[in-house]
Undergrad: 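Here it is, the structure, as structure tokens.
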Amino acid sequence: MHWADVAANALSHKGAKHIVSTGITPSGEFHIGHLREILTGDMIARAARNAGLDVEFVFIVDTADPLRKVYDFLGPEYEQFVGHQLGSIPGPDKDGNPDWTRFENEGWTYGDHFLKPFLQALEQIGVRPRIIDNLESYQNGRFDALSKTACDKREDIREAIERISGRELAEDWFPWSPLDSKGSLDGVTVTGYEYPLVHWKDSHGIEGSSNLTKGEGKLPWRIDWPAKWGWIGVTCEPFGKDHGAAGGSYATGREIVQILGHEPPHPLTYEWISLKGQGAMSSSAGNTIGPIEALELVPPEILRLLVAKSKPNKAIEFDTGMSLVNLADEYERLAARDFSTELADEELSRRQRVQIEDAAGAMRMAVVQEGETAEATAVTFRHLALLAQTKSTDSGVWDSLRKAGAIAEPTQALIDRLDRMRSWIASKHFPLEMKISVLEAPHAQALAALDEDEQRVLEALASKLAICTWDAEHIGAAIPQTAKDLDCSPKSGYRAAYAALMGKERGPRLAPILAEMDQGTICALLNDCVKSLQQS
RNA sequence: GGGCCUGUAGCUCAGUCAGGUAGAGCGUCGGACUUUUAAUCCGAUGGUCGCGGGUUCGAACCCCGUCAGGCCCGCCA
């Protein structure tokens, strides 16, 4: 069973109606790692729907969280906002300074700045959660009743946190963080409580009162989370391994939510996605790949497959080079399989059966449109990468594929894919390994590997290509024909050509590549190769 | 200090919850294709399941210990 189905199965034992929740703090650029949170939730919800449950998927944006520090991508002016809530301060402009104009005219906040592009990416990926803005929820009184309970039962909560996390809370700890006289959550001391007011004294020596029902402050994280479960009615939530560890916020949350009078949701801990060779992604370290950026390179179903194919407790190493090519090709292979026929085979061992079921499950989760069956495009990414590099126009690519009998007419999916392929090739992410390059000077080692026949073929090829009509068709015919004229196998023609032009034993189809290049240059290179062979 | 996760073929991983002859995909190698040679098809190759003990007729799987990597016990997906 696919991991999402396992989770859905667990939910089905607890009831028929469910709310699967996810949440992210919009403190910086969203990246692929955040996508795992959202996609994990989306896939559980999808699996639960498949299992006939009534399920809603929500995404809580933690706009009530404070700005922790002036990140590297922010200008020094943000110093004044440290401790202020992300949903109440202006977003950065392109220089990293507060964009007051948009803030005052459109109410464009720091949270919006990072959230909106992410939501656009989610749309493309086929994820459409109900968005809950946490700061608004506080201001609209959603947390009112639960905040009151938390303040009333603060000793029970304190005991739970101290026991489970093993840390000691300060004497003046209080389960409500009031906003101070300047709107910051930092450095405020609670001096008293009479519902709905929490009295405080701030770091400037000013005293005041915070109204719980109006969101003039927030619950600290370890209480904020279970309180959300409570008022939203969350029954299932995936979260990163940081929250999942013993003594972590899920462990305290599951007890606190009961103190608040609700049941804890079904948990699912997932591992991080790291960027190959660079450790965990972190916005401030700048080693991130955003979902938008990734979507310029590959279609959304491939990003979905990345998350769908790995069990949540497996760390994922991501990179935009060869791993992405392999992932994309894997998608194609999976799309081409007929799982129901495979499963009909009664000879299958239990193990083989599980493997096929998991692959089928992963594909159900990977397709963008729920319920659709993935369609193989009949062209692997490798092949498309090749065509995109050798054909300067799209119609050239389609002609080649038609001639090969791979397609009749390009589908929208394929057109779309070629677009992304072209931007991938143009980007810094495209792997060198996939790049087609013709040598500029003879490659002695590769030439030395040729046997006598192949060397003769190379010589003949040099003169033959010099008089060849310079188009793909004629070049393509000339290579094997030259070999045959000398009573050698067509293979020796290719071997000779690859050794001379690319310094390798094999490679991509030569003819279309050569046709795009200058005949004189190619022939000069071939002649140089012949000369270097004669000298040795 | 306490706790969690991971360790299985060259690589990525299934299989561990319900113990019963080690599984996939990729890669590699070989063959086919008289001409799309990074393609496609067919075939083969490949593992003392991190290590040591224990329980059992039988252990990758359960128990104890141990090593290695990652993470948590302020905040972080």
Side-chain angles (χ1 to χ4, degrees), chain A residues 3 6 22-25 27-28 30-41 62 65-66 68-69 161 164-167 169 220-222 238-252 269-274 279-284 309-317 322-323 325-327 329-330 333-334 337 348-359 378-383 385-387 390 400-401 403-406 433-434 436 472-473 476-484 489-491 493-495 497-498 502 504-512:
Chain A
W3 58 261
V6 172
T22 55
I24 301 175
T25 303
S27 54
F30 283 71
H31 51 69
I32 293 283
H34 293 109
L35 210 51
R36 190 170 204 178
E37 162 99 8
I38 298 288
L39 283 177
T40 303
D62 282 325
D65 288 0
R68 306 247 167 236
K69 61 171 189 173
I161 293 177
I164 298 165
S165 75
R167 72 184 163 114
L169 295 176
W221 165 245
R222 280 181 185 258
F239 44 82
K241 60 176 175 180
D242 48 336
H243 294 313
S249 47
Y250 181 76
T252 50
T269 314
Y270 60 86
E271 256 283 356
W272 309 115
I273 296 181
S274 62
M281 280 190 215
S282 147
S283 309
S284 45
K309 73 166 196 156
S310 299
K311 299 215 293 192
N313 65 358
K314 287 285 180 185
I316 295 178
E317 273 208 350
M322 282 315 289
S323 319
V325 177
N326 291 331
L327 184 66
D329 280 347
E330 186 177 356
R333 279 194 302 272
L334 288 169
R337 285 169 65 179
L348 292 175
S349 69
R350 177 170 154 244
R351 237 167 239 176
Q352 290 169 315
R353 188 167 294 276
V354 166
Q355 248 157 4
I356 297 169
E357 282 171 358
D358 278 357
V379 187
T380 63
F381 255 60
R382 281 191 150 77
H383 193 52
L386 187 78
L387 291 174
T390 53
S400 163
L401 287 170
K403 243 166 60 189
E433 220 180 311
M434 297 283 292
I436 292 174
E473 199 180 330
I479 297 172
Q481 193 56 49
T482 306
K484 281 199 243 175
S489 73
K491 199 172 186 171
Y494 287 111
R495 278 183 174 281
Y498 283 117
M502 296 188 155
K504 299 182 199 167
E505 275 187 52
R506 29 177 28 194
R509 284 172 63 209
L510 275 173

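Every chain is numbered from 1 and lettered A, B, ... according to where its sequence line falls, protein lines coming before strand lines.
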Undergrad: Considering only heavy atoms and no angle criterion, is a donor-acceptor pair shorter than 3.5 Å present between the side chain of A:Glu330 and the base of B:G25?
TA: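 No such pair is found, so the answer is no.
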Undergrad: In whole Å, I'd like the distance from the CZ atom of A:Arg382 to the P atom of B:U37.
TA: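 Result: 17 Å.
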Undergrad: How far does CZ of A:Phe239 sit from OG1 of A:Thr40, to the nearest 0.5 angstrom?
TA: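 Answer for the CZ-OG1 pair, A:Phe239 versus A:Thr40, is 11.5 Å.
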Undergrad: Report the distance from atom CH2 of A:Trp3 to atom CG of A:Asn313, rounding to the nearest 0.5 Å.
TA: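 Between A:Trp3 CH2 and A:Asn313 CG, I get 11.0 Å after rounding to 0.5 Å.
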Undergrad: What is the distance from CD1 of A:Ile479 to P of B:U36, rounded to the nearest Å?
TA: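 Computing the A:Ile479:CD1 to B:U36:P distance gives 12 Å.
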Undergrad: A:His34 and side chain to side chain contact (heavy atoms under 4.5 Å, CB included): which single residue from A:Glu37, A:His31, A:Arg36 fits?
TA: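 Of the listed options, the one satisfying the test is A:His31.
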Undergrad: Write down the distance separating the P atoms in B:C11 and B:U66, rounded off to the nearest Å.
TA: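 Taking atom P in both B:C11 and B:U66, they lie 28 Å apart.
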Undergrad: When rounded to the nearest Å, what value does the distance between P atoms of B:U21 and B:A60 take?
TA: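 To the nearest whole Å, 10 Å.
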Undergrad: May I have the distance from A:Asn313 (atom CG) to B:G15 (atom C1'), rounded to whole angstrom?
TA: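 Computing the A:Asn313:CG to B:G15:C1' distance gives 13 Å.
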Undergrad: Touch check for A:Thr25, heavy atoms < 4.0 angstrom, all strands: base, sugar-phosphate only, or nothing?
TA: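 Sugar-phosphate contact only.
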Undergrad: Would you say a side-chain N or O of A:Asn326 is under 4.0 Å from OP1 or OP2 of B:U12?
TA: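 Checking B:U12 against A:Asn326, no side-chain N or O comes under 4.0 Å of OP1 or OP2.
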Undergrad: Is the shortest side-chain N/O distance from A:Lys309 to OP1 or OP2 of B:A14 below 4.0 Å?
TA: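 Indeed not, no polar side-chain atom of A:Lys309 lies that close.
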Undergrad: Would you kindly give the CD1-to-C1' distance between A:Ile316 and B:C11, to the nearest whole Å?
TA: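 So the two atoms are 16 Å apart, to the nearest Å.
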Undergrad: For a quick check of understanding: with a heavy-atom distance under 4.0 Å over all strands, which category does A:Arg337 fall into, base, sugar-phosphate or nothing?
TA: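 A:Arg337: no heavy atom of the nucleic acid under 4.0 Å.
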Undergrad: Counting heavy atoms from C-beta on, name the nucleotide in B:G15, B:U37, B:C76 closest to the side chain of A:Val354.
TA: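 Of all the options, the side chain of A:Val354 is nearest to B:G15.
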Undergrad: May I ask which nucleotide in the shown strands pairs with B:A32, Watson-Crick or G-U wobble, both distances under 3.5 Å?
TA: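 For B:A32, the partner nucleotide comes out as B:U40, under the 3.5 Å rule.
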Undergrad: When the C1' atoms of B:G53 and B:G30 are considered, how many whole Å apart are they?
TA: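 Going atom to atom, C1' in each nucleotide, I get 44 Å.
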Undergrad: Is there a donor-acceptor pair under 3.5 Å between the side chain of A:Arg382 and the backbone N or O of A:Asn326?
TA: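 Absent.
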Undergrad: Can you tell me which nucleotide in B:U34, B:C75, B:A14 comes closest to the side chain of A:Lys484?
TA: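 The listed nucleotide nearest to A:Lys484's side chain is B:U34.
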Undergrad: Applying a 3.5 Å limit to both distances, which nucleotide forms a Watson-Crick or G-U wobble pair with B:U48?
TA: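 Looking at the geometry, B:U48 pairs with no nucleotide.
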Undergrad: What is the distance from OH of A:Tyr494 to C1' of B:A39, rounded to the nearest Å?
TA: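 Distance, rounded to whole Å: 12 Å.
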Undergrad: What pairs of nitrogen or oxygen atoms, one from the protein and one from nucleotides 67-71 of chain B, lie under 3.5 Å apart?
TA:
{"from": "B:G70", "atom 1": "O2'", "to": "A:Lys241", "atom 2": "NZ", "distance (Å)": "3.2"}

Undergrad: To the nearest angstrom, how far is A:Lys311 atom NZ from B:A24 atom P?
TA: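 Computing the A:Lys311:NZ to B:A24:P distance gives 18 Å.
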Undergrad: Between B:C26 and B:G50, how many Å separate the two C1' atoms, rounded to a whole number?
TA: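 Looking at atom C1' only, B:C26 and B:G50 are 24 Å apart.
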Undergrad: Given that A:Ser165 and A:Ile436 both sit by RNA chain B, which one's nearest nucleotide is further toward the 5' end?
TA: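 The 5'-side residue here is A:Ile436.
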Undergrad: Does B:G58 have a Watson-Crick or wobble partner in any strand here, with both distances under 3.5 angstrom, and which is it?
TA: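 No nucleotide pairs with B:G58.
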Undergrad: Can you tell me the base-pairing partner of B:A68? Count Watson-Crick or G-U wobble geometry only, both distances below 3.5 Å, and say none if there is no partner.
TA: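 Paired with B:A68, as far as the under-3.5 Å criterion goes, is B:U6.
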Undergrad: If we take the C1' atom in both B:G43 and B:U6, what is their distance in whole Å?
TA: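 Roughly 35 Å separates the two C1' atoms.
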Undergrad: Rounded to whole angstrom units, what separation is found between the CH2 atom of A:Trp3 and the C1' atom of B:C13?
TA: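 So the CH2-C1' distance, A:Trp3 to B:C13, works out to 16 Å.
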Undergrad: Give one of base, sugar-phosphate or nothing for A:Leu510, where a contact means two heavy atoms less than 4.0 Å apart.
TA: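 Answer is nothing: A:Leu510 stays at 4.0 Å or more from every strand.
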Undergrad: Which part of the nucleic acid, if any, lies within contact of A:Arg68, taking any heavy atom under 4.0 Å across all strands shown: a base, the sugar-phosphate backbone alone, or nothing?
TA: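 Sugar-phosphate only.
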Undergrad: Send over the distance from A:Gln481 CD to B:U35 P, rounded to a whole Å.
TA: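 Result: 11 Å.
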Undergrad: Is any side-chain heavy atom of A:Arg222 closer than 4.5 Å to a side-chain heavy atom of A:Ser165?
TA: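 Yes; the side chains approach each other to less than 4.5 Å.
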Undergrad: Taking only side-chain nitrogens and oxygens of A:Arg333, does any of them come within less than 4.0 Å of OP1 or OP2 of B:G25?
TA: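 So the side-chain polar atoms of A:Arg333 never come under 4.0 Å of the phosphate oxygens OP1 or OP2 of B:G25.
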Undergrad: For A:Ala315, report the nucleic acid contact type (base, sugar-phosphate, nothing); a contact means any heavy atom under 4.0 Å.
TA: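 Sugar-phosphate contact only.
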Undergrad: Could you work out which one of B:U37, B:G25, B:A14 sits closest to the side chain of A:Gln355?
TA: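 Closest of the options to the side chain of A:Gln355: B:A14.
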Undergrad: Would you mind pulling out the nucleotide paired to B:C76, Watson-Crick or G-U wobble, both distances under 3.5 Å?
TA: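 None - no nucleotide pairs with B:C76, as no candidate has both distances under 3.5 Å.
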Undergrad: Given B:A14, B:U6, B:U35, identify the nucleotide with an atom nearest to the side chain of A:Asp358.
TA: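 The nucleotide sitting nearest to the side chain is B:A14.
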Undergrad: Check whether any side-chain nitrogen or oxygen of A:Arg353 sits under 4.0 Å from OP1 or OP2 of B:A14, and answer yes or no.
TA: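 Answer no for this pair, as no side-chain N or O of A:Arg353 is under 4.0 Å from OP1 or OP2.
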Undergrad: Remember a base hit wins even if backbone is also touched, and classify A:Lys314 as base, sugar-phosphate or nothing at under 4.0 Å, heavy atoms.
TA: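 Sugar-phosphate only.
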Undergrad: Using Watson-Crick or G-U wobble geometry with both distances below 3.5 Å, tell me the partner of B:A22, or none.
TA: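 B:A22 is paired with nothing.
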Undergrad: Can you tell me how far C1' in B:G23 sits from the matching atom in B:U45, rounded to whole Å?
TA: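 16 Å, rounded to whole Å.
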Undergrad: Nearest 0.5 angstrom please: A:Asp65 CG to A:Ile24 CD1, how far?
TA: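 Rounded to the nearest 0.5 Å, the CG-CD1 separation comes to 12.0 Å.
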Undergrad: Considering only atom P, compute the distance from B:G2 to B:G47 and round it to an integer number of Å.
TA: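 One P to the other, the span is 39 Å.
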Undergrad: Rounding to the closest angstrom, what is the interatomic distance between B:C67 and B:C51 at atom P?
TA: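 Those two atoms are separated by 15 Å.
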